[in-house]
Amino acid sequence: MAESRTIGVFGAGWVGLVTGGCFAELGHEVIVRDVVPDRIAALQAGQLPFHEPDLPEVLARNRERIRYTLDADELAEADTLFICVQTPPTYSGDADLSFVWSALDDLPRGERRQILVMKSTVPVGTGDKVRAALEGRGLANVGYVSNPEFLAEGTAVRDFMRPDRIVIGAFDQQDAASVEALYGGIEAPVVRTDIASAEMIKLAANAFLSTRISFINEIANVCELVGADVESVAQGVGLDHRLGPHFFRAGVGWGGSCFGKDVSALKQLAGNSGYHFQLLAAVIEVNELQKRRVISKLEKHLGRLRGKTIAVLGLAFKPNTDDLRDAPSLVIASRLLAEGAAVRTWDPVADARDRLQGAVQCETVLEAVTGADAAVIVTEWDELQGLASAQVRDAMARPLIIDGRNLLDPEETRRAGFAYEGIGRQSSAFEGLPETPEPVTG
Ligand code: UGA
């Protein structure tokens with residue numbers, strides 16, 4: 001167990017609350033500061049502003065050790081301050097660091113020597129800029145450490161408590177040791193390095209995960225043309241211990257608030273430094289095209305989409321989150337609307353009504369598929385595993401499923417009386433309804 005210390009967190013967003021909650025779980029006192037009064041009031045009342053499994057329980061269990069405040073001066077008590085603010089992309093594709101700079105402006109000025117720890121994902125070189133900014137503000141005694149997060153939405157608490165590694169980049173090895181000690185109780189390899197390398201590890205990890213997905217998506221597209229099945233191919237390739245099975249699921253492309261932003265930021269960073277990162281340019285382009293392939297798959301079965309009704313099943317960028325940022329569903333549904341199709345959407349938690357004007361958001365899967373000419377699985381929610389049922393088939397105008405996540409068994413789906421089209425698998429046309437036994441009459 002770690003020796004209990006007091007930690008300050010700038011930003012009560014997803015990273016800040018997971019970080020604060022998990023450090024409290026490790027026994028530390030945590031002060032979370034945000035600038036949005038409603039958010040702080042909600043947290044003080046025990047309400048979480050987003051959906052993340054296990055986090056409500058962690059925050060509730062450690063209520064006594066976590067304090068939420070608007071007042072940055074309260075962070076003067078902390079010996080370590082984690083920066084967990086957003087770094088959205090700017091128009092140029094660089095990262096917008098204005099939230100980081102305002103956190104610096106709000107740093108409490110006390111006698112105690114504090115260490116500032118960057119958890120937010122930032123461009124390589126940010127550490128040097130922050131160091132210079134601290135010195136410019138007369139805060140040369142504040143330490144600086146880069147400790148990037150590798151939390152995935154939906155599993156963030158587990159990712160924090162059981163990480164694959166902890167990365168700590170520092171100017172000063174004592175500061176690195178001090179931050180490492182906060183993780184006492186967590187079993188994981190620790191990578192101690194310089195600041196620029198720590199910043200690069202985060203960007204390179206997300207860029208490589210995205211590259212793997214774009215790679216398997218291109219393999220899937222070729223599989224369709226040559227009669228191979230990408231699921232078997234991914235399994236056979238992934239069993240090579242040098243390659244591994246993870247992030248090798250073909251589908252409608254990656255989304256979320258991190259991959260797109262971080263891949264672009266790394267490509268941009270390379271470009272600004274005089275290097276053209278060709279591979280990442282292709283990774284991004286493959287992903288954009290992958291989302292749009294759903295449209296041609298629908299056209300293959302239905303012809304022109306004008307006047308057709310399409311059910312878009314799953315809106316969140318992945319299951320177990322309500323996050324719609326960069327979600328493939330938004331591109332797919334918008335393209336369908338642009339083609340003149342009627343779009344009916346369903347998701348168990350995400351609400352896209354304000355982003356998809358003209359689409360009808362339904363409460364249930366059955367409601368969404370009723371009268372539809374096709375159902376497209378965009379997010380692999382568990383609820384969709386039973387989609388190929390007689391009830392769904394009978395409710396649809398045409399029994400066609402486009403399985404954008406290869407969630408269903410193609411053979412079973414075909415036997416249940418659907419035309420089926422996955423990603424990187426052989427498709428099947430509608431073969432008529434399965435034979436049902438004659439009812440026994442008296
Ligand atoms: C990602 C990384 O996985 C985290 O390690 C990282 O910390 C985080 O970004 C971040 O930078 O903060 P996240 O965006 O929450 O996490 O979601 P992922 O589970 O990585 O999924 C991203 C997208 O890739 C989803 O749309 C998912 O459907 C897609 N995906 C994932 C595939 O299409 N195929 C796969 O095999 C895996």
Side-chain angles (χ1 to χ4, degrees), residues 11 13-19 50-53 55 84-89 95 118-123 147-160 162-167 199 201-220 230-231 233-235 237-238 243-266 283-284 286-288 290-291 293-294 314-332 350 377-381 403-407 422-424:
W14 179 78
V15 175
L17 291 175
V18 173
T19 301
F50 48 80
H51 177 84
E52 180 61 40
L55 188 57
C84 301
V85 297
Q86 345 155 26
T87 52
M118 187 62 74
K119 266 255 172 259
S120 304
T121 304
V122 291
N147 172 219
E149 53 89 8
F150 300 97
L151 311 170
E153 287 185 30
T155 56
V157 170
R158 189 192 70 198
D159 295 343
F160 191 101
R162 287 192 276 132
D164 290 342
R165 76 304 211 182
I166 295 166
V167 173
E199 292 166 342
I201 288 169
K202 170 61 196 257
L203 293 179
N206 272 359
F208 190 58
L209 291 169
S210 316
T211 302
R212 280 183 66 101
I213 302 170
S214 282
F215 177 82
I216 199 66
N217 281 338
E218 288 219 281
I219 292 289
V230 75
E231 293 298 308
V233 173
Q235 187 192 9
V237 173
L243 300 173
H246 304 292
F247 279 69
F248 226 34
R249 273 183 288 113
V252 291
W254 39 266
S257 66
C258 306
F259 281 1
K261 169 175 82 73
D262 293 351
V263 177
S264 296
L266 180 51
V283 166
I284 295 167
V286 167
N287 197 54
E288 282 313 310
Q290 196 67 16
K291 299 175 206 170
R293 279 177 72 86
V294 167
L315 294 167
F317 82 97
K318 65 176 193 177
N320 298 321
T321 172
D322 58 355
D323 198 339
L324 283 166
R325 284 175 292 175
D326 221 355
S329 65
L330 299 178
V331 173
I332 294 168
I377 299 178
V378 180
T379 314
E380 63 277 37
W381 285 104
D403 184 356
R405 296 290 180 183
N406 290 348
L407 181 69
I423 306 286

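All residue numbers in this chain count up from 1 along the given sequence. We count ligands from 1, going down the list as the structure has it; atoms in each ligand are counted the same way.
At a 4.0 Å cut-off, not a single heavy atom of Gly256 sits close enough to ligand 1 to count as contact. For Gly251, the closest heavy-atom approach to ligand 1 does not fall below 4.0 Å. Ligand 1 lies within reach of Lys202, whose nearest heavy atom is under 4.0 Å from it. Put simply, no part of Glu380 is less than 4.0 Å from ligand 1, judged by heavy atoms.
The distance from the CH2 atom of Trp381 to the CG atom of Asn320 is 5.5 Å, given to the nearest 0.5 Å. In this structure, NZ on Lys261 lies 3.5 Å from OG1 on Thr87, to the nearest 0.5 angstrom.
Remark: minimum distance from atom 4 (C) of ligand 1 to any protein heavy atom is reached at Leu151 O, 3.6 Å. For atom 22 (C) of ligand 1, the closest heavy atom belonging to the protein is Phe259 CE2, 3.6 Å. The closest protein non-hydrogen atom to atom 9 (O) of ligand 1 is Cys258 CB, 3.2 Å. Residue, atom and distance of the protein heavy atom nearest to atom 36 (O) of ligand 1 are Arg249 N, 2.8 Å.
Between the side chains of Glu52 and Trp14, at least one donor-acceptor pair of N or O atoms lies under 3.5 Å.
At a 4.0 Å heavy-atom cut-off, ligand 1 touches Ile213 through the side chain alone. Contacts of Asp262 with ligand 1, taken as heavy-atom pairs under 4.0 Å, involve the side chain alone. At a 4.0 Å heavy-atom cut-off, ligand 1 does not touch Thr321 at all. At a heavy-atom cutoff of 4.0 Å, ligand 1 is contacted by the backbone of Phe248 but not by its side chain. Contacts with ligand 1 closer than 4.0 Å are made by side-chain heavy atoms of Arg405 only, the backbone lying farther away.
Side-chain atoms of Arg325 do not come within 3.5 Å of backbone N or O of Gly256 as any donor-acceptor pair. Between the Thr321 side chain and the Gly154 main chain, no donor and acceptor come within less than 3.5 Å of each other.
Annotation: Thr121 places no N or O atom under 3.5 Å from an N or O atom of ligand 1; distance criterion only. Taking only nitrogen or oxygen atoms, main chain and side chain alike, Trp254 does not reach within less than 3.5 Å of ligand 1. Considering backbone and side-chain N/O atoms, Phe317 comes within less than 3.5 Å of an N/O atom of ligand 1. For ligand 1, the polar-atom distance check against Gly255 finds a nitrogen or oxygen pair separated by under 3.5 Å.
Salt bridge status for Glu199 with Lys202: absent, with no side-chain N to carboxylate O gap under 4.0 Å.
Of the listed residues (Arg212, Lys318, Arg325), the one carrying the non-hydrogen atom nearest atom 13 (P) of ligand 1 is Lys318.
Taking the six-membered ring where tryptophan is involved, the planes of Trp254 and Phe259 are perpendicular, since the angle between them exceeds 60° and thus also 30°.
The minimum heavy-atom distance linking Leu266 with Ala207 is given by the pair CD2-CB, 3.7 Å.
Partner of Val230 under the side chain to side chain contact (heavy atoms under 4.5 Å, CB included) criterion, out of Asn217, Ile423, Ile216, Val237: Ile216 alone.
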